[in-house]
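The block underneath contains the structure these notes are about, expressed in C-alpha cells.
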Protein chains: 2
Amino acid sequence: MMNTTLKLLAQQLQLSISTVSRALKDHPDISKATKEKVHALANSLDYEPNAYAIQLRTQSSKIFGVIVPAIANLFYDSFIAAIEEESRKNGYALMILQSSNNTENELNNLKIFRQTRVSGVFACLSAHAQNLEVYEKMSDRDIPVVFFDIVPKDNKYTKVRMADERCAIIAAEKIIERGAKHVLAIFGDPALSISQKRKQAFQQFMEKYAPKTHCTFVNTNSSAEAEAAFDKHYSKTQKFDTVFAMTDEILIGVMKSIQAHNIKVPKEIGVISISNGFIPSLYHPVISYVETSGYELGKLAFVQMLANIKGGKTLSELTVDARFVEGKSM
Amino acid sequence: MMNTTLKLLAQQLQLSISTVSRALKDHPDISKATKEKVHALANSLDYEPNAYAIQLRTQSSKIFGVIVPAIANLFYDSFIAAIEEESRKNGYALMILQSSNNTENELNNLKIFRQTRVSGVFACLSAHAQNLEVYEKMSDRDIPVVFFDIVPKDNKYTKVRMADERCAIIAAEKIIERGAKHVLAIFGDPALSISQKRKQAFQQFMEKYAPKTHCTFVNTNSSAEAEAAFDKHYSKTQKFDTVFAMTDEILIGVMKSIQAHNIKVPKEIGVISISNGFIPSLYHPVISYVETSGYELGKLAFVQMLANIKGGKTLSELTVDARFVEGKSM
DNA sequence: AAATTTACCGCAAACGTTTGCAAAAATGAA
DNA sequence: TTCATTTTTGCAAACGTTTGCGGTAAATTT
C-alpha cells in the first residue's frame with residue numbers, strides 16, 4: 001500500500017503542498033473551509049507525517065537515548081518506565097541501549113545516538129572509571145546529557161542521583177530507634193562511590209549518635225557473598241540483633257541465610273535495607289527499607305532533560321529524597 | 001559545532017558529493033587513492049552519516065519497535081535484553097514502548113512506530129481481547145510484526161511463545177515423581193489463554209497418569225490473591241503435600257504464606273513453579289521450577305523477525321522449549 | 001472609482017543522502 | 001595517431017517536509 005504524503009493529498013485536493021502542510025498544522029493563513037477539506041482527506045487516507053523528512057528539515061528528532069548497564073534490573077527498569085511515561089506525554093520516543101557495564105558497548109551506543117541525532121541522552125556510566133570525552137562529543141553536537149545513578153564527579157555535568165547519604169542515615173536512625181546493640185552492616189563493591197558514600201554516612205552517624213552500639217562492617221560483591229558473609233558472622237557466640245543491607249542484592253543473600261537458619265524476624269534479628277521496595281515485599285514478614293525509587297529518579301531526570309533542552313545548560317546535581325517504608329522486620 | 005556532511009567533505013576535497021558518498025561505502029567505481037583521501041578527511045572531521053536523510057532516501061530505518069505491557073517486569077525485561085543484544089549485533093536499534101496493558105496506549109504506540117517507519121515490530125498484546133486491525137495496518141505498510149508471549153489466535157500472524165502445555169506437563173511429571181497425594185495448583189487469570197492452556201494440559205496429564213492424586217485448582221489474579229488462596233486451602237484438616245504455582249506472581253504469594261506459617265519446604269510441602277528463575281532463587285530452599293526464559297524467547301523472536309524481513313512472510317508459530325530446573329523444594 | 005488592506009494560497013529552496021546515467025579521463029589496441 | 005575500451009568522476013533528481021517570500025483576489029477604506 002502506498003504511503004500517503006503531502007504531495008498526494010495536494011494532488012487530490014488540487015492544492016499546493018505548502019497549503020496542505022499549513023492546513024494540517026492549523027496555520028492561521030489557511031481558511032477554515034480548506035483546513036476542513038484537508039483534514040478530512042488526510043484522515044480517510046490516514047496520513048502519517050514522515051518523521052524522517054521532518055527531522056531532516058527541522059534538524060531535530062523527537063527521540064531520547066537511554067544507556068543503562070542492564071535493562072533486566074529492578075532498579076533500572078523502573079527508571080526506564082518512568083522516563084518512558086514522561087517521554088510519551090511530551091511527544092518523545094525512547095531508544096534504549098544497554099552497556100552491560102562494558103565501555104566498548106557504551107561507546108558504540110553513544111555513536112548510534114549521535115547518528116540518530118537524538119534530542120538528548122540519559123546515561124548511567126558503566127561501573128568502573130572511563131573517560132568522558134565521548135560525552136563531551138555529545139555536548140559539542142548540542143545533545144544534552146543527563147547522567148543518572150552512577151554519575152561523573154565533575155560538576156560541569158547535569159546529573160541526578162539518589163540521596164545516598166540520606167538513605168544511609170535514615171537507616172541508621174531506625175536502627176538506633178530499635179535499640180540495636182550489635183549490628184551487621186553489609187555494603188556493596190567498595191570501589192563504587194555509592195558504596196563509599198553510604199558506608200561513610202552510616203558509620204559517622206552511628207558513631208556520633210550511638211557510640212555504644214557495636215557495628216561490624218562488611219563489603220560484598222554479590223548476593224552469594226552476602227549470604228556467605230552473614231553465615232560467617234552469625235555465630236552462636238556473637239549474635240547480631242540487627243542487619244543492614246545496602247542493596248537488594250545483599251538483602252537477597254542475607255534473607256537466604258536467615259531462612260536457612262530459620263532465624264525469627266524481627267524477634268531474633270531486625271532487618272533493614274535500601275531498596276526500591278519489590279524485593280522487601282517478597283518476604284514474610286515484609287522487610288522495612290529506605291526507599292530509593294528508580295521511578296522517582298526517572299521523573300526527576302526527565303525534568304532536568306526538559307530544562308536542559310528548553311533553556312541552555314543547568315549545571316546542577318539533583319538528588320531524589322529518601323523515605324523510610326515501614327515493614328514488619330524491625 | 002557544525003555537523004560534517006557529505007557536502008562539506010566534497011567541498012574540502014574538491015570532489016563531488018556523489019564521489020564522496022561512494023568512496024565512503026567502498027563502491028568499486030571509486031579509485032583507491034580517492035577512497036583513502038575521503039576516509040582520512042571523514043575520520044578527522046568525524047563524519048557521521050545522517051540517519052534521517054538516509055531513511056528518507058532509502059525508505060528504510062534501522063529501528064525495531066517493541067511493545068510490552070511493562071518494562072519493569074522480570075520476564076519482559078529479559079526478553080528486551082535479548083532482542084537488544086541481537087539488534088545491536090545486526091545494526092538495528094530498539095525503540096521500546098509500554099502499553100501498561102491499556103489498549104489506548106497500545107494504539108498510540110503503534111502510531112509512533114508507523115511514524116518512525118520502524119523496520120519491524122515486536123508486540124505483546126495487552127492482556128484482554130482487542131481488535132487487531134491496527135496490526136493489519138502495519139502489515140499494509142510492509143512492516144513485519146512478530147507477536148510474542150501473548151499472541152493472537154489467528155495463525156496468519158507470526159508469533160513466538162512459550163511452550164505452555166509442555167511447561168505444565170513437565171511440572172505435572174515432577175509432581176507425580178514426587179508421589180504427591182494432594183496438590184494445590186494455582187493458575188492465573190482464567191480469561192487469559194495462557195492460563196487456560198497450562199491448566200488444561202496440567203489437568204489432563206494428571207488425570208491420565210495419576211488419577212488417584214487429588215488436585216485442587218484455583219485461579220488468582222495477583223500475588224495477594226494467591227497468598228489468600230493458599231492460606232484458605234491450607235487448613236489442618238486438609239493438608240496439601242505439594243503446591244504448583246503457574247507464575248512468579250503466584251509463587252510470591254504462596255511463599256509468603258509458607259513463610260508466615262513456617263511450613264517446612266520440602267518436608268511438609270513440595271513447591272514447584274513456572275518461572276524464568278529469578279524469583280525461585282530468592283528462597284531457601286531454592287524452589288524447583290520449569291524454566292520459561294524471556295531471554296530465549298527474545299532470541300527466537302529476533303530470528304523470526306529477520307526471516308520476515310529477508311524473505312517474505314513466515315507464517316509459523318514457534319515456541320521455545322521448556323526444561324526443568326532442579327531446586328531443593330521437591 | 002481608485003487606493004489600500006486583508007485573507008488566502010503557491011513557488012521554490014533547503015535539509016543530507018543515494019543512485020541511474022552521462023561525461024571525462026586514462027588506458028589499450030589498431 | 002586514432003579509435004575503442006575501461007576506469008573514474010560528476011550531474012541531477014528524488015525522498016517528504018517546512019517556511020520565507022511573493023502573488024492574487026476579495027474586502028475595506030478613501
Side-chain angles (χ1 to χ4, degrees), chain A residues 1-39 41-42 45-63 91 114-119 141-142, chain B residues 1-39 41-42 45-63 91 112 114-119 141-143:
Chain A
M1 178 185 145
M2 179 51 186
N3 263 327
T4 56
T5 66
L6 288 185
K7 191 201 275 186
L8 190 81
L9 295 179
Q11 281 171 348
Q12 304 228 357
L13 292 166
Q14 296 282 52
L15 287 171
S16 75
I17 294 180
S18 28
T19 302
V20 175
S21 172
R22 290 190 174 97
L24 250 15
K25 39 176 40 85
D26 211 31
H27 192 285
D29 267 11
I30 308 298
S31 73
K32 206 165 163 227
T34 311
K35 278 180 191 168
E36 277 165 6
K37 272 195 303 188
V38 172
H39 272 113
L41 187 66
L45 262 53
D46 59 10
Y47 166 74
E48 309 260 8
N50 184 317
Y52 294 89
I54 294 175
Q55 132 73 20
L56 184 58
R57 174 60 225 233
T58 62
Q59 300 290 23
S60 87
S61 78
K62 289 287 238 172
I63 297 179
R114 259 176 289 135
Q115 291 184 181
T116 312
R117 284 0 187 223
V118 294
S119 300
R141 292 241 203 295
D142 283 320
Chain B
M1 176 185 146
M2 179 51 187
N3 264 326
T4 56
T5 66
L6 288 185
K7 191 202 275 187
L8 190 81
L9 294 180
Q11 282 171 347
Q12 303 229 355
L13 291 167
Q14 295 282 53
L15 288 170
S16 75
I17 295 180
S18 30
T19 302
V20 176
S21 172
R22 291 191 174 97
L24 249 17
K25 39 177 39 88
D26 211 31
H27 193 286
D29 269 9
I30 307 298
S31 73
K32 204 165 165 225
T34 312
K35 277 180 191 170
E36 278 166 5
K37 273 195 303 185
V38 172
H39 272 113
L41 187 65
L45 263 51
D46 57 8
Y47 167 74
E48 309 260 8
N50 184 318
Y52 294 90
I54 294 174
Q55 132 75 19
L56 183 57
R57 173 60 224 236
T58 62
Q59 301 290 23
S60 87
S61 76
K62 290 288 237 173
I63 297 179
I112 293 177
R114 261 177 286 133
Q115 292 184 180
T116 313
R117 301 317 199 252
V118 294
S119 300
R141 292 240 205 296
D142 283 320
I143 300 175

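Throughout, protein chains are lettered first and strands after them, A, B, ... in sequence-line order, and every chain is numbered starting at 1.
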Touch class at under 4.0 angstrom, heavy-atom based, for Leu15(A) against every strand present: sugar-phosphate
Nucleotide nearest Ser31(A) (side chain, heavy atoms from C-beta), chosen from dG16(C), dC9(C), dG20(D): dC9(C)
Minimum-distance nucleotide (side-chain atoms of Thr19(A) versus dC8(C), dG10(C), dG10(D)): dG10(C)
Atom pair distance, as rounded to whole Å: CD1 in Ile54(B) and P in dT17(C): 7 Å
Between dC15(C) (P) and Arg117(A) (CZ): distance, integer Å: 13 Å
Touch class at under 4.0 angstrom, heavy-atom based, for Asp29(A) against every strand present: base
Which atom of Arg117(B) lies closest to which atom of Gln55(B), heavy atoms considered: CG-NE2, 3.6 Å
Short side-chain N/O contact to dT17(C) OP1/OP2 from Lys25(B), under 4.0 Å: no
From dT17(C), dC11(D), dT19(D), nucleotide with atom closest to Ser18(A) side chain: dT19(D)
Taking every non-hydrogen atom, the tightest pair across Tyr47(A) and Leu24(A): CE2-CD2, 3.8 Å
Separation of dG16(D) P from Gln115(B) CD (nearest whole Å): 15 Å
Residue pair Leu6(B) / Val20(B): nearest heavy atoms and the distance that separates them: CD2-CG1, 3.8 Å
Lys7(A) side chain near dA14(D) phosphate (N/O to OP1/OP2, under 4.0 Å): no
Nearest to side-chain heavy atoms of Arg22(A), which nucleotide of dG16(D), dT19(C), dC21(D): dC21(D)
Whole angstrom value for the distance that separates P of dT8(D) from NZ of Lys35(B): 9 Å
Rounded distance (Å) that lies between atom P of dC21(C) and atom NE2 of His27(B): 13 Å
Closest-nucleotide 5' rank along DNA chain C - winner of Pro49(B) and Gln14(A): Gln14(A)
For atom OH of Tyr52(A) and atom C1' of dA14(D), their distance in whole Å: 19 Å
Phosphate-side-chain proximity, Thr34(B) and dT9(D), N/O vs OP1/OP2 below 4.0 Å: yes
Under 4.0 angstrom between Ser16(B) side-chain N/O and dG10(D) OP1 or OP2: yes
Interatomic distance, Ile17(A) CD1 vs dC21(D) P [rounded to whole Å]: 21 Å
Rounded distance (Å) that lies between atom P of dT17(D) and atom CD of Glu48(A): 11 Å
Comparing Leu56(B) and Pro28(B) on DNA chain D - which has the more 5′ nearest nucleotide: Pro28(B)
For the student: nearest non-hydrogen atoms of Ile30(B) and Arg22(B), plus distance: CG1-CB, 3.6 Å
Taking every non-hydrogen atom, the tightest pair across Ile54(B) and Pro49(B): CD1-CB, 3.8 Å
